[in-house]
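Worth knowing before you read on, the calculation uses all heavy atoms, side chains too, and leaves out hydrogens, waters and symmetry mates. Heads up: numbering here begins at 1 and tracks the sequence.
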Amino acid sequence: MSAASPEPCDRLSPAPFSLPPLPAAMLSSPPDVSQVLLPLGGLVGREVDLDAFLQTLVDRIAITLQADRGTLWLLDPVRRELFSRAAHLPEVAQIRVKLGQGVAGYVAEAGEPVHVPDPRGERRFFADIDRMTGYRTISLAAVPLRDAAGAVYGVLQVLNRLGGGPFTEDDTRKLTDIAAQVSTALQSTSLYQELQRAKDQPQAPVGYFFNRIIGEAPPLKALYRLVQKAAPTDATVLLRGESGCGKELFARAIHVNGPRRDKPFVKVDCAALPAALIENELFGHEKGAFTGADHRMPGKFEAADGGTVFIDELGELPQAVQGKLLRVLQDREFERVGGTQAVKVDVRIVAATHRDLPRMVAEGRFREDLYYRIKVVELLLPPLRERGAEDIERLARHFVATAAKRHRLPVPRLGATALARLKRYRWPGNVRELENCIESAVVLSEGEILEEHLPLPSLDRAPSPTEPDAPQAPTATPDAPLLLPLAAVERRHILRVLEAVKGNRTAAARTLEIGRNTLARKLKEYGLADEG
């Protein structure tokens, strides 16, 4: 790669909902510097549309400075390069320059603003970029972006003043004021968090954050695009995937990037509640509805009025309650337990399950009409094992940093053998299991996480002869771990957890992050009812 090089971009396409339009007044006369970010305030922290947000930000900076082009450069701490994260660059997708190279590179290295009235004869001007793009730079100004600690992590740059004439020192002061606003906004995004993580752990690949979701495997990128389309609507969304793969994070992403973002996000976990209480939890009850009901109690739907109800583990919903949920989806109304008066609500419903709902429909355990009503948009989340080794490493290093911070410990180094072990493991518990595994290793390690610190089963452990669902032919090797059906993996994991907590089912349910009733049902389902 040359010192300054264009690179292909693999960015998400802009979301279908529109950013705030450029006001006519901004087009006729430049706005006051203090007003640049005001129309974008509602988008800060909402990252389904991060690329469009940054591009519109650059547009408005250029308008404010009456510039032909603008560029937001960010510092790649691993490669010690600046890369154009948002820019008016129709000729190429992205440009990278070395730290200290060109005006932007000088500003990032020296930490001081620069304005160049005429680039001819200016030693800091890097003419190769003009030769690369075919653009002619006549005048430019650039200022550093600093974080709360004063460290430079990017550069704002504008090129060629509209109407002719050079940029002045006054323009540079205005751009510096704008940079302070932009820096505050960027530090609330996960893009900035990833830059900081890369600086602290330079040996790790730079990961992609999407609304606090880490990963850039192709199946995840496809999901990000679907969320972009679904979030701005009121469509009901069904999230399907194995336990621990991040369904709640996606549900929150849908909520915060939709029209109800300023209203409540209320979660109901059907697996954590006894079947008899789920109806009361969702719909509330009237005074006198049952013994002890001495006053009216609103349910989750009323609490979420105007916002979003996230129904987790939908497959555990009793059939008697499924009909009431169908009525909410159809008519946006319900009756409280013990009530006769219809209660109207305005809510969006996002549901999640690891169950095979079509199979449950075929077996008569889930209402077919509810299934088709709730799967207006259906998103299938990939298990961790299908996301590839790089996503596992990104997640592992992120969890190392967060666990160390949580427990007020120095951030340990993730050893090569431990990392290789993490990448080989099949992760039946998905991201949740990986997070718990890393937290345990951070606590037990002393400066470096080794393979023995990872609370994982032996790769070459053969299935027990007493396990009726274990395959008999295949054997595992370090390079080819034993492949088991999901039911067998879940059964073995439950046994492992029960053994670790000495048979305490309450503690086991808490560790597995499922309800005790769900654990009891699984034990019965796998013929383990007498083992715990």
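Note that CZ of F366 is 10.5 Å distant from CD of E316, once rounded to the nearest 0.5 Å. With rounding to the nearest 0.5 Å, the separation of CG in L317 from OG1 in T353 is 10.0 Å. Going from atom CG of L381 over to atom CZ of F250 covers 5.0 Å, rounded to the nearest 0.5 Å. Here the straight-line distance linking atom CG of L82 with atom CD of E109 works out to 10.0 Å at 0.5 Å rounding. From I129, atom CD1 reaches atom CE of M132 across 6.0 Å, with rounding to the nearest 0.5 Å. W427 CH2 to N430 CG: the interatomic distance, rounded to the nearest 0.5 Å, is 10.0 Å.
Proximity of a side-chain donor or acceptor of T511 to a complementary backbone N or O of A507 within less than 3.5 Å is detected. Side-chain atoms of H453 come within 3.5 Å of backbone N or O of L450 as a donor-acceptor pair. When atom types are taken as modelled, the side chain of S84 and the backbone of A86 share no donor-acceptor pair closer than 3.5 angstrom. Judged purely by atom type and a 3.5 angstrom limit, Q55 uses its side chain to pair as donor or acceptor with the backbone of A87. For the pair H88 (side chain) and G70 (backbone), a donor-acceptor distance under 3.5 Å is present. R261 places no side-chain N or O within 3.5 Å of a backbone atom of I254 that could act as its donor or acceptor partner. Between the side chain of T233 and the backbone N or O of A230 there is at least one donor-acceptor pair closer than 3.5 Å. Judged by distance alone, the side chain of D147 and the main-chain N or O of A149 form a donor-acceptor pair under 3.5 Å. Side-chain atoms of R348 come within 3.5 Å of backbone N or O of A235 as a donor-acceptor pair. Side-chain N or O atoms of S183 include none that pairs as donor or acceptor with a backbone N or O of A180 at under 3.5 Å.
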**Request:** Might you work through the side chain to side chain contact (heavy atoms under 4.5 Å, CB included) test for L145 and L186, ending with a clear yes or no?
**Result:** CA-CA 10 Å; L145 287 170; L186 287 180; 4.2 Å; yes
**Asked** Passes side chain to side chain contact (heavy atoms under 4.5 Å, CB included), T236 versus V377? Steps please.
**Response** CA-CA 6 Å; T236 302; V377 176; over 6 Å; no
**Request:** Start with the C-alpha distance between R385 and E242, add both sets of side-chain angles, then the distance that settles salt bridge (Lys or Arg N to Asp or Glu O under 4.0 Å), and finish with yes or no.
**Result:** CA-CA 11 Å; R385 61 185 172 275; E242 296 177 11; 2.4 Å; yes
**Request:** For side chain to side chain contact (heavy atoms under 4.5 Å, CB included), just list the numbers for I349 and T308, CA-CA rounded to whole Å, side-chain angles, deciding distance to a tenth of an Å, and then say yes or no.
**Result:** CA-CA 6 Å; I349 295 175; T308 302; over 6 Å; no
**Request:** For V158 and L140, run side chain to side chain contact (heavy atoms under 4.5 Å, CB included): C-alpha distance rounded to whole Å, both residues' side-chain angles, the deciding distance at 0.1 Å, then the answer.
**Result:** CA-CA 6 Å; V158 288; L140 72 153; over 6 Å; no
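Counting all heavy atoms, side chain and backbone alike, A179 lies closest to V143 at CB-CG2, 3.7 Å. Looking at every heavy atom in both residues, D391 comes nearest to R387 through OD2-NE, 3.2 Å. Residues L498 and A508 share a closest heavy-atom pair of CD2-CB, 3.7 Å. L314 and A351 make their closest contact through CD2-CB, 4.0 Å (heavy atoms, listed as atom of the first residue, atom of the second, distance). Between A404 and P412, the shortest heavy-atom contact is CB-CD, 4.3 Å. When every heavy atom of L220 is checked against every heavy atom of G215, the shortest pair comes out as CD1-CA, 3.8 Å.
Side chains of R496 and H493: a donor-acceptor N/O pair is present below 3.5 angstrom, by distance only. A donor-acceptor contact closer than 3.5 angstrom links the side chains of E112 and Y106.
Counting heavy atoms from C-beta on, the side chains of V350 and V309 never come closer than 4.5 Å. Side-chain contact between E81 and L99 is absent, with no heavy atoms from C-beta onward closer than 4.5 Å. Looking only at side-chain heavy atoms (C-beta outward), E248 and F310 come within less than 4.5 Å of each other. In this structure, the side chains of I95 and F83 stay at 4.5 Å or more apart for every pair of heavy atoms. Two residues are said to be in side-chain contact when any heavy atoms from C-beta on lie closer than 4.5 Å; R240 and H354 fail this criterion. A heavy-atom distance below 4.5 Å is found between the side chains of S243 and R432. The side-chain heavy atoms of W73 and V97, taken from C-beta on, include a pair separated by under 4.5 Å. At least one side-chain heavy atom of E439 sits less than 4.5 Å from a side-chain heavy atom of H407.
Applying the side-chain contact (heavy atoms from CB on, under 4.5 Å) test between L414 and each of E393, E448, R397 identifies R397 as the sole match. Applying the side-chain contact (heavy atoms from CB on, under 4.5 Å) test between I438 and each of L395, L422, T402 identifies L422 as the sole match.
Within 6.0 Å of the NZ atom in K405, the count of heavy atoms belonging to other residues, nucleotides or ligands does not exceed 12. Around atom CZ of R80, no more than 12 heavy atoms belonging to other residues, nucleotides or ligands sit under 6.0 Å away.
A salt bridge is absent between K247 and E313: the closest approach of a Lys/Arg side-chain nitrogen to an acidic carboxylate oxygen does not fall below 4.0 angstrom. Under a 4.0 Å N-O distance rule, the pair R394/E216 qualifies as a salt bridge.
Using a 30° and 60° split on the angle between ring planes, F265 and H255 fall in the tilted class, from 30° to 60°.
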